[in-house]
Structure formats: structure tokens, C-alpha cells
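Inspection log for the structure reproduced underneath, given as C-alpha cells.
These figures come from a predicted structure and were not determined experimentally. Along the sequence shown, residues carry numbers from 1. Counting convention: from 1, in listed order, for ligands and their atoms alike.
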Amino acid sequence: MFLLKVISTVCILLQLWTIRTVSGVDNRTFPPNFKFGVATASYQVEGAWDEDGKGENIWDHLTHTTPDSIYDSSNGDIACDSYHKFDTDLDLLKELGVDFYRLSISWPRILPTGHIDGQINEAGVAYYEDIFTKLQENGIEAVVTLYHWDLPQPLQEDLGGWLNETIVDVYANYARLAFELFGDKVQYWVTFNEPYIVCQQGYESGGKAPAITKAPGIDLYTCAHVVLKSHAKAYHIYDSEYRATQKGKISIVLNTNWFEPASDDEKDLEAAERKRQFSFGWFANPIVHGNYPQVMIDRIGERSEKEGFDKSRLPEFTSEEIEDIKGTYDFIGVNHYSTSLVQWIEDYEIGEPSSIKDVSAEVYDDDSWETSASDWLKVVPWGIRKLTKWIKDNYNNPEIIITENGFSDTGDIDDPRRTNYYREYLSNLLEAIYDDEVNVTAYTAWSLMDNFEWFQGYSAKLGLYSVNFSDPDRPRTPKSSVKYYKTVLETRCLVDKCIE
Ligand code: GBH
């Protein structure tokens with residue numbers, strides 16, 4: 001009798017628990033032309049770092065010269081060995097049933113010195129040609145990033161990377177070559193992955209290669225200026241020389257957390273908005289509206305003057321440049337993983353410049369948010385809805401593609417928390433689509449498989465498939481989240497049954 005009572009109580013509790021976890025999930029069907037995909041990036045998966053004529057890139061250089069800067073002293077020398085295993089990866093893509101695969105081209109794999117007048121590396125070209133052909137044969141669209149952080153090392157050493165305007169033409173020539181070679185099989189081009197990270201971490205905080213930290217508050221803005229011009233130039237090349245025949249779309253991918261005000265206080269609202277402008281707006285504003293956000297122009301200008309600079313540390317665009325950059329997007333690519341709270345703080349004293357001081361805001365996490373294996377990634381599913389609505393309202397209701405979203409753990413095959421992350425974030429995306437009428441047309445899970453997670457090495461895993469990095473064959477194993485994502489892709493529905 002007692003035992004029965006215990007069992008029935010457990011059952012009721014279990015039921016309540018499932019109702020609570022599942023009932024909040026949106027049961028509407030994704031729009032018929034909504035697309036789903038998965039993503040990877042060249043340095044994180046390819047390996048074969050010096051094979052078949054590939055040139056060295058800034059991540060090869062960094063991981064080889066300062067291995068201790070990587071959490072587990074690892075590198076991408078072999079990574080998932082995707083250079084030799086695309087057929088295996090293709091099987092995974094087919095098993096998942098994705099509409100598209102987002103991947104990046106390793107610039108020095110096709111141009112070892114980075115320059116078009118150096119040698120074109122035929123083996124590298126053949127590698128990507130094979131990938132795009134097979135994707136096409138299997139009805140999987142290609143979303144191709146030209147720059148996911150693996151700059152040819154000579155361009156860093158000889159030019160100073162993204163600090164030197166000379167690179168605009170060097171990059172544009174690389175972009176043209178890629179359109180020319182592969183454009184008939186590529187549906188979406190991405191000029192840059194996360195310029196915020198390229199510049200803020202690459203040229204100020206040191207959190208990414210080339211990890212140059214010598215001129216905070218200056219170099220990152222120069223970098224962004226050069227990257228924006230490079231982006232615009234590549235966009236115009238595609239637009240005028242290739243769009244008519246290749247009929248693809250081209251844009252940039254911007255990363256951002258959702259920045260939620262810490263309270264309803266006017267000042268916190270202002271600080272949160274300022275933080276959004278200094279991160280997403282830094283790039284989105286020039287591309288959509290033509291120039292940097294006014295709040296950046298004003299604050300960096302004022303502080304620069306007080307610091308004794310004769311002009312703003314934020315470079316100025318000429319009016320021709322503004323016209324040139326404005327409108328260089330066919331959609332906006334958004335990498336979104338997490339949310340932060342933002343609290344207003346007093347402006348920093350004038351002293352050594354830094355971008356953190358320019359923004360002036362306290363950015364932190366709520367202790368109650370679910371954690372992950374990465375300190376920057378807290379599970380806050382409603383953030384994606386607020387973010388996409390804010391983008392709609394501030395950037396002329398653009399087509400939005402979620403180009404990355406995903407959860408990091410330590411790699412168990414049974415990964416209910418990843419399934420839950422996808423379910424909850426996608427549920428909020430459905431609300432954005434149907435209730436806020438945000439024009440989100442596609443969603444990309446990061447990542448197809450576990451891979452080299454930059455400074456975290458192989459310690460943080462974000463894959464749907466697990467990769468055994470101690471086996472030379474690098475076998476892939478589906479995690480339990482594969483089953484869920486696959487079902488979502490089949491049914492276009494997040495729960496057992498959706499309303500049509
Ligand atoms: C993406 O960036 C990358 O595009 C992808 O290559 C990567 O594998 C994926 O994230 C997962 O990390 O704590 O100050 O160092 C996501 C945006 C922004 C997330 C910077 C990590 C670290 C902030 N990234 N953030 S910090």
C-alpha cells in the first residue's frame with residue numbers, strides 16, 4: 001500500500017515536471033520556407049595545417065609559438081581532420097537532414113601567402129570544389145564564410161593584418177577569386193565572421209589571434225574600420241560582377257549577446273542600449289544606416305579630446321565611404337548564444353584609453369541562469385526573442401539568419417541540456433517570428449561536431465556529434481541531441497505534435 005502511494009506520488013511529480021518543462025514550448029510549425037542548418041569553421045575542424053601546399057595562418061602561428069595560451073595547450077593541426085573526412089561529414093549532414101551547411105574557406109589553403117599574385121594552391125581549390133559539388137549533388141545549400149579568423153600569417157607579419165588599409169584590396173582579390181571559383185555552387189556568402197571578436201579580442205583584449213594588446217582603445221577601432229571597408233568592397237564585387245549569374249546572397253555575420261537592463265531605471269536602460277550600440281551597432285549601423293552609432297562617435301570623440309588626441313580614436317568615414325558601406329547586406333547574420341545584464345556606472349576617469357572605458361557599463365550575469373562549460377555562455381532562451389525584435393526595430397526590419405546558436409558542455413554522448421537549449425531557444429524564435437513578426441528565415445546550430453574551441457582548446461564541446469580526438473581516425477558519434485535536432489528538421493516542430 002505504502003509502496004503504491006510512493007509510486008503514484010513519483011508519477012504525479014514526474015508528470016508535473018514534464019508539463020512544466022515541455023508546456024512552455026511553442027507548438028506552432030516553422031514557416032514552410034524556413035531553413036535549418038549546422039555550422040563549422042575551417043581552422044576548428046579541417047586540420048591538415050601544412051598539407052598539400054596550405055600556408056600558415058595566425059592560429060597555426062599562435063598555437064605553435066605560444067601553446068600555453070591555449071587551455072589544454074592544443075591546436076588545430078589535426079582537429080577533426082575534416083580535410084580528409086569530408087565524405088564522413090557529408091554523411092552526418094545527410095543523416096541530420098539539414099537544408100544547408102555553413103562552413104568557412106581557409107584563405108591560406110587556397111592562397112598560401114594571402115596574395116592573389118602568389119601561387120594559387122590547386123589542391124586547396126580542389127578540396128573546396130569537392131565539398132561544394134557534393135553538397136549540391138545532395139541538395140544541401142552552402143553558406144560560406146570567407147573569413148572565420150584564419151588570416152594568412154604573411155599578411156599579419158608583413159602588413160600588420162587588419163590594421164593596414166592595404167589589406168582591403170588583398171582581401172577583395174581573395175573574395176573575387178572565391179566567387180569566381182565556387183560561386184556557382186554557393187547560395188550564401190558571408191564576408192566576415194564576427195568582426196567584433198576579430199577586432200576587440202584580436203587587437204585589444206588578446207582573447208583571439210593575433211592577440212595584439214598594445215594600443216587599447218585605438219587598434220580595435222582601426223581594425224573595424226578596415227574590416228568594414230573590406231566587407232563593403234567584397235559585397236560590391238559580388239553585387240556587380242557575380243550576383244546576376246550566380247544569384248546568391250551576401251552579407252556579414254555579427255555576434256552579440258542580448259544586453260538586458262539590470263533594472264527599469266532610466267540609467268540602466270540607457271547603459272544597456274549603449275552597450276548594444278558599442279557591440280552590434282558598431283558594425284550594423286554602418287552597414288544598414290551608413291555610419292557608426294552616434295553614441296560611439298560622441299563618446300569616443302569626447303574622451304579622445306580629453307585624453308589629448310588631436311582627433312577621435314574612432315576613425316571617420318568620408319561621405320563617399322558612408323554611401324559605399326550603406327546597404328551592403330542582403331540579410332543580417334547573427335551569432336547569438338547568451339544574455340548579459342547591464343548596469344549604469346559613472347564614466348571612467350580620463351587616463352589610458354580602452355574600449356571598455358568608452359562604453360562605460362557594468363556587464364554581468366544573473367547567478368540564477370543555467371551555466372555551461374564556457375563561462376561566457378549562460379542559458380537565457382528569451383534573449384534571442386528580445387534581440388531579434390530589437391534588430392527588427394532598429395535596422396529596418398531586415399531578413400535575419402541565425403548563423404550560430406548552441407550550447408557548450410564537457411562532451412557526454414547523452415546531452416539532454418543541449419537538446420533543452422535548442423528546444424528553448426527555437427521556441428523563443430518561433431515567438432519572434434509569429435508574435436513579433438521578425439523576419440527570421442533560417443537557423444544554424446553551432447556546431448556539427450565537437451572541434452577546436454579557440455583558447456578553450458578541446459575542453460569545451462559544442463557539437464551535435466562527438467569526435468574522439470585521441471583516435472587517429474577521429475570517429476564521429478551522434479549525441480542524443482542529434483535525435484532531437486533531426487526530428488525538428490523533419491517535422492519543423494519542437495514538440496510531439498504541432499498545430500499547422
Ligand atoms: C562563436 O563566437 C564563433 O564564431 C565560433 O567559432 C565558436 O566556436 C563559437 O562561438 C563558440 O564559442 O569571455 O570575454 O572571452 C561566439 C561569440 C564571443 C563567444 C566572445 C565567446 C568570449 C567572451 N563569442 N565570447 S570572453
Run the ring-centre check on Trp149 versus Trp454 and record whether the distance is less than 6.0 Å. yes

Looking at Gln201, which atoms of ligand 1 are within less than 4.0 Å of one of its heavy atoms? 14 (O), 15 (O), 20 (C), 22 (C), 23 (C), 26 (S)

Numbered atoms and elements of ligand 1 in range of Gln44, under 4.0 angstrom, heavy atoms: 5 (C), 6 (O), 7 (C), 8 (O)

Pairing of Asp60 and Lys54 as salt bridge, 4.0 angstrom limit: yes

For the rings on Trp59 and Trp49, is their centre-to-centre separation under 6.0 Å? no

Counting non-hydrogen protein atoms only, what is the nearest one to atom 13 (O) of ligand 1? Give residue, atom name and distance. Trp376 CB, 3.8 Å

Between Glu194 and ligand 1, is there a nitrogen or oxygen pair with a distance under 3.5 Å? yes

Report, in ascending order of atom number, the atoms of ligand 1 lying under 4.0 Å from any heavy atom of Asn193. 4 (O)

In terms of its nearest heavy atom to atom 20 (C) of ligand 1, the top option of Asn255, Ile197, Asp375 is Ile197

Closest protein heavy atom (residue, atom, distance) for atom 9 (C) of ligand 1: Tyr337 OH, 3.3 Å

Need the ligand 1 atom indices (1-based, order shown) with element for anything under 4.0 Å from a heavy-atom of Asn335. 4 (O)

Any ion pair linking Asp409 and Arg417 (charged N to carboxylate O, less than 4.0 Å)? no

Within the structure, is a non-hydrogen atom of Phe455 found at a distance of less than 4.0 Å from ligand 1? no

Taking distance alone, with N or O pairs closer than 3.5 Å, would you say Glu453 contacts ligand 1? yes

Counting the benzene-type ring for Trp, do Phe407 and Trp446 have ring centres under 6.0 Å apart? no

Which of these, Gln200, His336, Glu404, has its nearest heavy atom closest to atom 4 (O) of ligand 1? Glu404

Out of curiosity, is Gln456 lining ligand 1, as in a heavy atom under 4.0 Å away? no

Less than 6.0 angstrom separating the ring centers of Phe30 and Phe36, yes or no? yes

For Glu453, is there an ion pair with Lys461 - N to carboxylate O distance below 4.0 angstrom? no

Centroid separation Trp162 to Tyr203 less than 6.0 Å: no

Evaluate whether atom OH of Tyr364 has more than 12 neighbouring non-hydrogen atoms of other residues, nucleotides or ligands under 6.0 angstrom away. yes

Heavy-atom count check: over 12 atoms from other residues, nucleotides or ligands less than 6.0 Å from Asp367 CG? no

Please check whether Asn451 reaches ligand 1 - meaning an N/O of the residue sits under 3.5 Å from an N/O of the ligand, judged on distance alone. no

Contact check, Tyr196 vs ligand 1, heavy-atom distance below 4.0 Å: no

Provide the number and element of each atom of ligand 1 under 4.0 Å from a heavy atom of Trp149. 3 (C)

With heavy atoms and a 4.0 Å threshold, my read on which part of Leu377 contacts ligand 1 is neither

